[in-house]
Amino acid sequence: MITRKRLTTGVCIALATLAAGLGSALPAAADGPPAPPAPKVELVLDVSGSMRTRDIDGQSRMSAAKQAFNDVLDAVPEQVHLGIRTLGADYPGDDRKVGCKDTKQLYPVGPLDRTEAKTAVATLAPTGWTPIGPALLGAADDLEGGDGTRRIVLITDGEDTCGPLDPCEVAREIAARGTHLVIDTLGLVPNAKIRQQLTCIAEATGGTYTAVQHKEELSRRVTQLVDRAAEPVVTPVATEGAGSCSAAPELKPGLYTDREKIGEHRWYRVDVLPGQELRASVSVAADRAVDNDYGVLLRAVTASGREIVRGEASGTGRTDVISSGLRYPKAEVADGDNGSGKPAAETVCLQLSNSFSAPASVKRSPGLPVELTVDLVDGPDRASDVAAFGLGRGWWLLGALVLTGLVAGLLFGWISRWRIAVWRTN
């Protein structure tokens, strides 16, 4: 009996140990939701000969950049995959063709080994040309793959010296790929031409331009941009509007990006059920030199071509982004009104058009960046809601205003005649 009890106890202990071992061997992903995709950042550093200039806090631009990089590398969030690319770091000669290919990846994009990355940066010495365009193309290729956010941070002290490949056009081409890659630029020299080029590069991809003249500023700003890549964001879905409503893509609620050429019309479709309210907004960015006085129009139209509601906005050249929006509430219907027992959706066509113009020298392709938001919410159920009362989608408001004006005019005229009659009598 004692032997049996000891045997049973031993078997139970063995089974418990085996179960614990199997439990610890299961993948951690089974205990919770999968980890979000890692954000990717590549720092692109100008190592051209002009970086030898000593005008940043009494030291060379290259020394200030290296010290700032050390601070940034220490502060990179664990979830960020970071890489480093250089431009002008290897070829010291005068052959333009060779110098304009002088860009390479110094540290691959991936989990960061801080010691290895710092060692790689420490070996850099100002050398050659400033091929910004080729470096941006290389960085875009380095960041391909995955679903996480992508960001390039360009640090330079001069203009691109490798024309005719215009870095601004390169940035537009990168943005047109639809990978939602953002390029932020930092200029180490407060020069108007440099600022114009770097601003154009940033604006083409929705990034920012910053002028920095101190090491602390450089370190702080680059750290902010790397941290921003780790913040959760809504990734827009790339779509392509059509030239007519019948061929337009059907959009569900969400955030979309597209490209629209100057003076072009783009069409999209949304199905709206009875009792729902369609809310749509659009932003168009002037990412190139355009003439003053322009506008953006967003119309909601029925499938037969009748306009339901419109939203429009205009600009005068003092803003880089112009936005407009609209609301369309569809009234409830009784069940079975369409004979099927279920309420039928109405196809609403959204037409986006613009009145931008530009000099003939400005390229039309790729088109201007477009960001379109579509949402379907429960329709308003109170008459006090202006949208439910018919603002912008019928003749209710106009009729009420006309009737009010007519009654007020008749009443004012009657009172005036009565006062004149009384005055004559007295």
Side-chain angles (χ1 to χ4, degrees), residues 41-76 82-96 98-107 114-136 138-139 152-163 167-168 183-202 207-226:
V41 180
E42 182 144 88
L43 306 179
V44 179
L45 179 60
D46 182 353
V47 195
S48 61
S50 59
M51 290 290 283
R52 301 189 192 96
T53 307
R54 303 178 64 87
D55 59 358
I56 297 184
D57 300 332
Q59 56 184 322
S60 70
R61 299 169 186 171
M62 192 74 247
S63 297
K66 287 182 178 181
Q67 294 177 29
F69 263 53
N70 286 338
D71 296 338
V72 171
L73 294 173
D74 285 334
V76 173
L82 184 133
I84 303 172
R85 174 172 283 271
T86 61
L87 60 96
D90 296 316
Y91 178 70
D94 298 327
D95 189 331
R96 180 191 187 90
V98 177
C100 288
K101 296 180 180 179
D102 185 10
T103 176
K104 70 173 184 180
Q105 191 174 41
L106 184 70
Y107 186 85
R114 303 177 199 276
T115 302
E116 185 177 343
K118 288 181 181 181
T119 301
V121 171
T123 62
L124 297 175
T127 303
W129 296 66
T130 312
I132 293 178
L136 293 178
I152 295 173
V153 181
L154 170 65
I155 302 102
T156 181
D157 69 338
E159 287 184 280
D160 182 276
T161 56
C162 292
C168 192
I183 303 176
D184 297 291
T185 58
L186 291 91
L188 304 182
V189 177
N191 176 283
K193 292 185 67 177
I194 296 173
R195 180 175 64 250
Q196 182 179 5
Q197 185 175 85
L198 296 182
T199 300
C200 182
I201 293 171
T208 60
Y209 162 74
T210 307
V212 292
Q213 293 180 270
H214 300 282
K215 181 179 70 69
E216 291 75 13
E217 292 177 350
L218 178 61
S219 174
R220 181 170 61 251
R221 184 56 179 161
V222 177
T223 301
Q224 289 174 350
L225 295 173
V226 174

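Computed from a predicted model, the values in this text were never measured in an experiment.
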Of the non-hydrogen atoms in M62 and V47, which two are nearest, and what is the gap between them?
-> SD-CG1, 3.8 Å

The reported gap from CG in D102 to SG in C162 (rounded to nearest 0.5 angstrom) is 9.0 Å

For the residue pair R114 and V76, establish whether any side-chain heavy-atom pair is separated by less than 4.5 Å.
-> yes

Work out which heavy atom in T127 is nearest to a heavy atom in A89; give both atom names and the distance.
-> OG1-O, 3.1 Å

Inter-residue atom distance L87.CG - T130.OG1, 0.5 Å rounding = 6.5 Å

Between CD1 of I132 and CG of D160, what distance do you get to the nearest 0.5 Å?
-> 5.0 Å

Atom pair CD1/NE2 of I56 and H214 - distance to nearest 0.5 Å = 9.0 Å

In short, S48 meets P126 closest at the heavy-atom pair O-CB, 3.4 Å

Using 4.0 Å as the upper bound for N to carboxylate O, is an ion pair formed by R61 and D157?
-> yes

Residues 188-195, side-chain donor-acceptor partners within the protein, below 3.5 Å, at least two apart:
{"residue": "N191", "atom": "OD1", "partner": "K193", "partner atom": "N", "Å": "2.8"}
{"residue": "N191", "atom": "OD1", "partner": "I194", "partner atom": "N", "Å": "3.1"}

Straight-line distance of T210 OG1 to E217 CD, nearest 0.5 Å | 9.5 Å

Take V222 and D71 through the test side chain to side chain contact (heavy atoms under 4.5 Å, CB included) and record every step on the way to the result.
-> CA-CA 9 Å; V222 177; D71 296 338; over 6 Å; no

Looking only at heavy atoms, which two atoms of L198 and G187 are closest? And how far apart?
-> CD1-CA, 3.7 Å

Minimal heavy-atom distance between V153 and L225, with the atoms involved, is CG1-CD1, 3.9 Å

Could you check E216 against D57 for side chain to side chain contact (heavy atoms under 4.5 Å, CB included), going step by step and ending with a plain yes or no?
-> CA-CA 10 Å; E216 291 75 13; D57 300 332; 3.6 Å; yes

Whether over 12 other heavy atoms sit under 6.0 Å from Q196 CD = no

Distance from T208 atom OG1 to R221 atom CZ, nearest 0.5 Å?
-> 4.0 Å

Quick one: are L82 and L73 in side-chain contact, heavy atoms under 4.5 Å?
-> yes

Any side-chain donor-acceptor pair under 3.5 Å between S50 and T53?
-> no

Identify the heavy atoms of L45 and A65 that sit nearest to each other, and give their distance.
-> CD1-CB, 4.0 Å

Below 4.5 Å, heavy atoms only, C-beta onward: do R85 and I152 meet side chain to side chain?
-> no

Got a salt bridge between D74 and K118, using NZ or NE/NH1/NH2 to carboxylate O under 4.0 Å?
-> yes

Can you tell me if CG on D95 sees more than 12 non-hydrogen neighbours from other groups inside 6.0 Å?
-> yes

S219 side chain to K215 backbone, donor-acceptor under 3.5 Å | no

